Amino acid sequence: MTDPDGLPPLRQVVERFDLAPKKKLGQNFLFDLNLTAKIARAAGDLSDCDVLEVGPGPGGLTRALLSAGARRVVAVERDSRCIAALEQISAHYPGRLKVIDGDALSINLPALFDTPPKIIANLPYNVGTELLLGWLTTADWPPWWQSLTLMFQREVAERITATPGSKAYGRLSVLAGWRCQTRIQFDVPPEAFTPPPKVTSSVISLIPRAEPLDAPLKTLEQVTAAAFGQRRKMLRRSLAGLGGEDLLTRVGIEPTKRAEELDVSAFCTLARALSKE
Ligand code: SAM
């Protein structure tokens, strides 16, 4: 028996290639091709696109990306057990799927593409934030990728997309909001995964801003880390090591404010002032 795309059902693939999910690799698989098709649609038209998928596992999302017409998918998977199952998909879509057996954290991902890819992934929870931070803090902007469509735990998705004044607003929200337009697309309940995680997940999208506010990345990272490292304290205390009250007064920010009250533009102002010191 085959699925509508002509490939065997994913549960059969997992059994045949002995892909019992491993917790330490963040393996929560999606077997519902309607859901993986919905994730692919959230990334917009793929027909002229190269796609980078991190962590294809048995290939549920990979198949959806190829069915949706992606010109070429490069899939980086750290679990060598999955490679044979992925090669089966590659044979079904000749010349369109390149499978790389390796760790996405240590591979030079931009070097795999001639034109900016869309990055679409059901990320392993244990390395998802680190990968996102790497993609957001590239030296060049616009970046080497076109857009990000990523699955995170709902709580992390809220932190990435949060606006000032909310509890979830923090360092990730500032870095993401500075360089991208961010949006939660839809939630995915635990039971959609095998095995089910403890919490709800969300698919989010990040579209690079053509012209983010001017701010040196290094000092922006410094100032957000210090401000949110002690988020309950007033900025004159949390930023004491970076110039504290003097710095804040100089740029017209009230020293009694707290990190969660500053918008992205205020953080950029602080980062610019700090870089001139
Ligand atoms: N995309 C598949 C799906 O939706 O069913 C699997 C998603 S699962 C949440 C995460 C996948 O990322 C696993 O297949 C895991 O082996 C892989 N993975 C974990 N760490 C990785 C890393 N550092 N580099 C590449 N892949 C990794």
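We count ligands from 1, going down the list as the structure has it; atoms in each ligand are counted the same way. No experiment lies behind these values; they were computed from the predicted model shown.
Taking any N or O of Cys82, backbone or side chain, none lies under 3.5 Å from an N or O belonging to ligand 1. Below 3.5 Å of separation, one finds an N or O of Leu30 facing an N or O of ligand 1. Ligand 1 has a nitrogen or oxygen under 3.5 angstrom from a nitrogen or oxygen of Gln27. Below 3.5 Å of separation, one finds an N or O of Asn122 facing an N or O of ligand 1. The shortest N or O to N or O distance between Glu77 and ligand 1 is under 3.5 Å.
Annotation for Asn28 and Pro196: closest pair ND2-C, 4.3 Å, computed over non-hydrogen atoms. Closest of all the heavy-atom pairs between Pro56 and Val76 is CD-O, 3.3 Å. Nearest heavy-atom pair across Phe113 and Arg72 is CD2-NH1, 4.1 Å. Heavy atoms only, all atoms of each residue included: Thr224 and Leu220 are closest at OG1-O, 2.8 Å.
Residue Gly26 places a heavy atom less than 4.0 Å from ligand 1.
Annotation for Glu87: atom CD counts as buried by contact number, over 12 foreign heavy atoms lying within 6.0 Å.
Within ligand 1, the atoms closer than 4.0 Å to a non-hydrogen atom of Gly57 are 14 (O), numbered from 1 in the order shown. Within the listing of ligand 1, atoms 16 (O) sit less than 4.0 angstrom from a heavy atom of Asp79. Atoms of ligand 1 found under 4.0 Å from any heavy atom of Asn28 (numbered from 1 in listed order, with element): 7 (C), 8 (S), 9 (C). Every atom of ligand 1 with a heavy atom of Gly55 under 4.0 Å away is listed here by number and element: 1 (N), 2 (C), 6 (C), 7 (C), 11 (C), 12 (O), 17 (C), 26 (N). The ligand atoms of ligand 1 that sit less than 4.0 angstrom from a heavy atom of Glu53 are 1 (N). When each atom of ligand 1 is checked for a heavy atom of Val76 under 4.0 Å away, the hits are 25 (C), 26 (N). Heavy-atom proximity to Leu123, at under 4.0 Å, picks out these atoms of ligand 1: 9 (C). Proximity to Gly102 (heavy-atom distance under 4.0 Å) selects the following atoms of ligand 1: 24 (N), 25 (C).
The closest side-chain donor-acceptor pair between Gln153 and Ser201, if any, does not fall under 3.5 angstrom. Residues Asp45 and Ser47 have side chains that bring a donor and an acceptor to within less than 3.5 angstrom of each other. Ser80 and Asp101 share a donor-acceptor pair across their side chains, judged by distance under 3.5 Å alone.
The protein non-hydrogen atom at the shortest distance from atom 27 (C) of ligand 1 is Arg78 CB, 3.7 Å. In terms of protein heavy-atom proximity, atom 23 (N) of ligand 1 is closest to Asp103 OD1, 2.8 Å. What sits closest to atom 24 (N) of ligand 1 on the protein, heavy atoms only, is Ala104 N, 2.9 Å.
A 4.5 Å side-chain heavy-atom check between Thr2 and Leu7 finds every atom pair outside the cut-off. Inter-residue side-chain proximity for Arg78 and Leu25 is flagged as met; some heavy-atom pair is nearer than 4.5 Å.
For atom 2 (C) of ligand 1, the nearest non-hydrogen atom from the set Pro21, Pro56, Gly60 belongs to Pro56. Considering each of Pro124, Ser106, Ala192, Gly59, the one bringing a non-hydrogen atom nearest atom 20 (N) of ligand 1 is Pro124. Closest heavy-atom approach to atom 19 (C) of ligand 1 among the candidates Leu35, Leu25, Leu10: Leu25.
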From CA spacing to verdict: side chain to side chain contact (heavy atoms under 4.5 Å, CB included), Gln185, Ile204 = CA-CA 5 Å; Gln185 296 269 1; Ile204 62 166; 5.8 Å; no
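Remark: aromatic rings of Phe228 and Tyr169 are close, center separation under 6.0 Å.
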